[in-house]
Asker: 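Handing you this structure, nothing more for now.
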Amino acid sequence: MKILLVEDHTAISKAMKRFLTIKGFECDVAPDGKTGLSMIRTDVYDVILLDLALPEMSGLEIIDELYEKNEIAKYHIVVNTASILDDTIKEDILNKGIIELLPKPTRPELLLGVLEKIHKHTAAS
């Protein structure tokens, strides 16, 4: 399973990439939103782990861009954020096609459970 981690905090991205690699996933990292959107569009990823608070372009802007261009359904996007979201924003991004919202810090077993669920869903398709 190939994962794109869109995360601007170096310590978090290094730890997550190391964890995901140890668990058998291939993981690329984008350090900002603009780079993340470019990588989403130029490579093929099974899952995109997307932070919301990013430089250059926020995670919400990435979601909106993909949604407005009717591209969001092509991707399995999991929002992984420390941002506090009100219920309206949560509902909005889930209605746009986000698979899951995970709070930071994310418990490893929770992240693995979501990735397994996505893998089973895509394998069955």
Asker: Heavy atoms, side chains only, cut-off 4.5 Å: are Asn80 and Met16 in contact?
Answerer: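 A side-chain contact under 4.5 Å exists here.
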Asker: If you round to the nearest 0.5 Å, how far is CD1 of Ile12 from CG of Asp51?
Answerer: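 CD1 of Ile12 is found 7.0 Å from CG of Asp51.
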Asker: Is it possible for you to say whether Ile40 and Val29 belong to one hydrophobic cluster, with membership spreading through side-chain heavy-atom contacts below 4.5 Å?
Answerer: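 Ile40 and Val29: separate clusters.
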Asker: Same cluster or not: Leu4 versus Val114, using hydrophobic residues (I, L, V, M, F, W, Y) connected whenever any side-chain heavy atoms lie under 4.5 Å apart?
Answerer: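 Hydrophobic grouping puts Leu4 apart from Val114.
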Asker: Mind checking salt bridge (charged side-chain N to carboxylate O under 4.0 Å, His left out) for Asp64 and listing every partner two or more places apart, or none if nothing turns up?
Answerer: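 Asp64 satisfies salt bridge (charged side-chain N to carboxylate O under 4.0 Å, His left out) with Lys96 once adjacent residues are dropped.
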Asker: Who passes side chain to side chain donor-acceptor pair (under 3.5 Å) against Arg18, sequence neighbours left out?
Answerer: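 Scan of Arg18 (side chain to side chain donor-acceptor pair (under 3.5 Å), adjacent residues dropped) gives none.
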Asker: Determine whether a donor-acceptor pair (N or O, by modelled atom type, separation under 3.5 Å) exists between the side chain of Ser58 and the backbone of Leu54.
Answerer: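 No; zero donor-acceptor contacts below 3.5 Å.
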Asker: Should Lys117 and Glu100 count as an ion pair when the cut-off is N to O under 4.0 Å?
Answerer: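 Looking at Lys117 and Glu100, the cut-off is met.
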Asker: Does the side chain of Thr35 come within less than 4.5 Å of Glu56's, by heavy atoms?
Answerer: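 Glu56 vs Thr35: side chains apart.
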Asker: Measuring from atom CG of Leu50 to atom CG of Leu5, what distance do you get when rounded to the nearest 0.5 angstrom?
Answerer: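 It comes to 9.5 Å.
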Asker: Is Ile99 reachable from Leu94 through a run of I, L, V, M, F, W or Y residues, each pair having side-chain heavy atoms under 4.5 Å apart?
Answerer: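 Leu94 does not cluster with Ile99.
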Asker: So, taking the atom named CD1 in Ile3 and the one named CD1 in Ile48, what distance separates them when rounded to the nearest 0.5 Å?
Answerer: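 Reported value, rounded in 0.5 Å steps: 10.5 Å.
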Asker: Check this for me: Lys23, atom NZ, are more than 12 non-hydrogen atoms of other residues, nucleotides or ligands nearer than 6.0 Å?
Answerer: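 Counting other residues, nucleotides and ligands, NZ of Lys23 stays at 12 neighbours or fewer.
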Asker: Does the side chain of Ile77 come within less than 4.5 Å of Ile93's, by heavy atoms?
Answerer: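 Heavy-atom side-chain distance check fails, nothing below 4.5 Å.
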Asker: If only atom types and distance count, is the side chain of Ser13 paired as donor or acceptor with the main-chain N or O of Thr10 below 3.5 Å?
Answerer: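 Yes.
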Asker: Walk me through whether Glu7 and Lys104 qualify under salt bridge (charged side-chain N to carboxylate O under 4.0 Å, His left out).
Answerer: CA-CA 12 Å; Glu7 172 62 61; Lys104 281 185 189 173; 2.4 Å; yes
Asker: Whether the side chain of Asp46 engages the backbone of Lys2 through a donor-acceptor N/O pair (distance < 3.5 Å, no angle test) should be reported.
Answerer: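 Looks like yes, one N/O pair under 3.5 Å.
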Asker: Might you point out which heavy atoms bring Leu52 and Ser83 nearest each other, and give the distance in Å?
Answerer: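 That closest heavy-atom pairing would be CB-OG, 4.3 Å.
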Asker: Is it true that Ile98 and Tyr75 fall in one hydrophobic cluster, defined by side-chain heavy atoms closer than 4.5 Å?
Answerer: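 Shared cluster, yes.
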Asker: Distance-only, no hydrogens or angles: does the Glu91 side chain make a donor-acceptor pair with backbone N or O of Thr88 under 3.5 Å?
Answerer: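 Flag not set: sc Glu91 to bb Thr88 has no pair under 3.5 Å.
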Asker: If you measure from the Lys or Arg side-chain nitrogens to the Asp or Glu carboxylate oxygens, is any gap between Arg107 and Glu109 under 4.0 Å?
Answerer: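 A salt bridge is present here (some side-chain N lies under 4.0 Å from a carboxylate O).
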Asker: Hey, what do you get for CD1 (Ile62) to CD1 (Ile72), rounding to the nearest 0.5 Å?
Answerer: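 One gets 10.5 Å once the value is rounded to the nearest 0.5 Å.
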Asker: Is any side-chain heavy atom of Leu49 less than 4.5 Å from a side-chain heavy atom of Val79?
Answerer: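 SC-SC contact between Leu49 and Val79 ruled out.
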Asker: State the CZ-CG distance between Phe25 and Leu20, to the nearest 0.5 angstrom.
Answerer: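 Spacing of CZ (Phe25) from CG (Leu20) equals 6.5 Å.
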Asker: With rounding to the nearest 0.5 Å, note down the distance linking CD1 in Ile63 to CG in Asp92.
Answerer: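 Here the rounded value is 8.5 Å.
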Asker: Val78, Leu115: one ILVMFWY side-chain cluster at the under-4.5 Å cut-off?
Answerer: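 Same cluster: Val78 reaches Leu115 through Ile, Leu, Val, Met, Phe, Trp or Tyr contacts under 4.5 Å.
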Asker: Answer yes when Lys34 and Glu65 have at least one side-chain N-carboxylate O distance shorter than 4.0 Å, and no when they do not.
Answerer: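 No, no charged N to carboxylate O under 4.0 Å.
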Asker: Okay, side chain of Thr106, backbone of Leu102: is any donor-acceptor separation there less than 3.5 Å?
Answerer: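 Pair absent, no side-chain N/O of Thr106 close to backbone of Leu102.
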Asker: May I ask you to test the Asp8-Asp32 pair for a side-chain heavy-atom distance under 4.5 Å?
Answerer: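 The answer is no; the side chains never approach within 4.5 Å.
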Asker: Can you name the nearest heavy-atom pair linking Met39 to Ala30, along with the distance?
Answerer: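 Scanning both residues completely, I find the closest heavy atoms to be SD-CB, 3.7 Å.
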Asker: Any chance OH of Tyr67 has more than 12 other-residue heavy atoms, nucleotides or ligands included, within less than 6.0 Å?
Answerer: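 Result for OH/Tyr67: open.
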Asker: One pair to check against side-chain contact (heavy atoms from CB on, under 4.5 Å): His76 and His119. What are the steps and the verdict?
Answerer: CA-CA 10 Å; His76 296 98; His119 178 69; over 6 Å; no
